[in-house]
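Working notes for the structure below.
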Protein chains: 2
Amino acid sequence: MPRPRSLTPAQLASAALHVIDHDGLAGLSMRAVAQQVGMSTMALYRYVDDRDELEQHVIDLVLGAVDTNPPAPDTPWPERIEIMANRVRDIVGAHPGVVPLIIAHRHRSTRLLRWSETVVGILTDAGLNGRDRVIGLRCLLAYIVGAIQLEHLGPLAGPGTQAIADLPPTEFPYMSETAGHARTVNADEEFRGGLANLLRGMTSELP
Amino acid sequence: MPRPRSLTPAQLASAALHVIDHDGLAGLSMRAVAQQVGMSTMALYRYVDDRDELEQHVIDLVLGAVDTNPPAPDTPWPERIEIMANRVRDIVGAHPGVVPLIIAHRHRSTRLLRWSETVVGILTDAGLNGRDRVIGLRCLLAYIVGAIQLEHLGPLAGPGTQAIADLPPTEFPYMSETAGHARTVNADEEFRGGLANLLRGMTSELP
DNA sequence: ACCTGAACACCGTTCAAGT
DNA sequence: ACCTGAACACCGTTCAAGT
């Protein structure tokens, strides 16, 4: 009589996410996850083919929490895009250690496809079509991916900014002045401000 | 009588870059670099404290080739920003394997600081100041970082786009239609188009 | 001082064996 | 069928020894 499986893929992903949240992505290993679920290392290979598949389950778990329903259609379209962008940013912000995994596996996440479907719908409402709409979606993705990374790998308020403020003003006049203003901009304002630039530019005429 | 050093840090970085270009970032190891320079693994530790420092030398080597001189001031400012952005994009594009390293070590590169100094100067010419200029620089960085990554970790013309085109049109009407247009946009047009959106939005009025 | 090789504590993964 | 433990081919890095 076959013994029943004692683990679900979701439990496995959850254990891996726990390891990442606790010890960072560098702490993620098959051995560490096995210990977390109380099994031998090799038992994991009953549930996943390899580490790559384990990582895929982790990002499915994380991105699965992203709401992909369209915001209320009477909301102005730039606000609707901002709502969609913040849903991703908030989820990822809760698990900064998975950022590199999301970058690497993002094109295999159906949840992100569904998110994109909703976003393209909003861009269509904004009057975009054809090539402009393709470029609109792609530059939104690029901005969100890049901004999330800058935020978690060298935030505006972190030691990097202090190092910039300490630059010799004779050699870096603009950067040392900019660093002073940077302290007055928090992460939310920075993300929202950059996104607003992008959205304005997507529907304005060429100068 | 002390033996002279047989290696310069530049040679070490160049050997590591050769390994990355040849076998990808996954192929980079202290042992592989040692073999490339014809020394024992442990000899490398005469030149760097650890692997992290070796990686720093690699990105210094790569980014050191980025021209940070301001473009001709009679060029319209959006074109000047585009020139600056393309200088980074071109250099990185020649060594796609180092993209994750640049992301991780970018805040320790003085060359990138100098690049930023020039960019902030151009933004100032465009009439930006204070918080707007901080946000302008940061969203440019976010866009460039994100766009370079999307380009090298799932290009518009790659298998990912085909998978999107194959989505069921009933469930993903917008995405399957978008995939058709996506094939007509090459990587250069995509990068330039997204950047143009951002630059237009940075100096246009709120709607 | 420069360089080497053995050794240690880690990886992911294969394979044969136990229930 | 589910799970285990030894083993293999890798890592980065410490340490003692050779010239």
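Every chain is numbered from 1, with letters handed out A, B, ... down the list of sequences.
Two residues are said to be in side-chain contact when any heavy atoms from C-beta on lie closer than 4.5 Å; B/Leu140 and B/Leu195 meet this criterion. In this structure the side chain of A/Arg106 reaches within 4.5 angstrom of the side chain of B/Leu150, judged on heavy atoms.
Taking atom CG on B/Leu12 and atom P on C/dC2, their separation rounds to 14 Å, with Å as the unit. The CE atom of A/Met30 sits 21 Å away from the P atom of D/dC8 (whole-angstrom rounding). We find that CG of B/Leu28 is positioned 7 Å from P of D/dG12, with the value rounded to whole Å. The interatomic distance linking A/Leu7 (CG) with D/dC2 (C1') rounds to 12 Å, in whole Å.
Across all strands shown, D/dC10 remains unpaired; no Watson-Crick or G-U wobble contact has both distances below 3.5 Å. The pairing partner recorded for D/dC3 is none, the criterion being a Watson-Crick or G-U wobble arrangement whose two distances lie under 3.5 angstrom. D/dA17 is unpaired under the Watson-Crick or G-U wobble criterion, no partner having all donor-acceptor distances under 3.5 Å.
Shown for residues 38-58 of chain B: residues whose heavy atoms fall under 4.0 angstrom of DNA chain C, namely B/Met39, B/Ser40, B/Met42, B/Ala43, B/Arg46, B/Tyr47.
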Worksheet item: After noting the C-alpha distance and the side-chain angles of A/Ile102 and A/Val145, does the key distance pass the side-chain contact (heavy atoms from CB on, under 4.5 Å) rule?
Response: CA-CA 9 Å; A/Ile102 290 180; A/Val145 162; over 6 Å; no
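The side chain of B/Ser29 places no N or O atom within less than 4.0 Å of a non-bridging phosphate oxygen (OP1 or OP2) of D/dC10.
Within a 6.0 Å sphere centred on CD of A/Glu189, other residues, nucleotides and ligands contribute more than 12 heavy atoms. Other residues, nucleotides and ligands contribute more than 12 heavy atoms inside 6.0 Å of the CD atom of A/Gln11. Within a 6.0 Å radius of CZ in B/Arg192, no more than 12 heavy atoms belonging to other residues, nucleotides or ligands are found.
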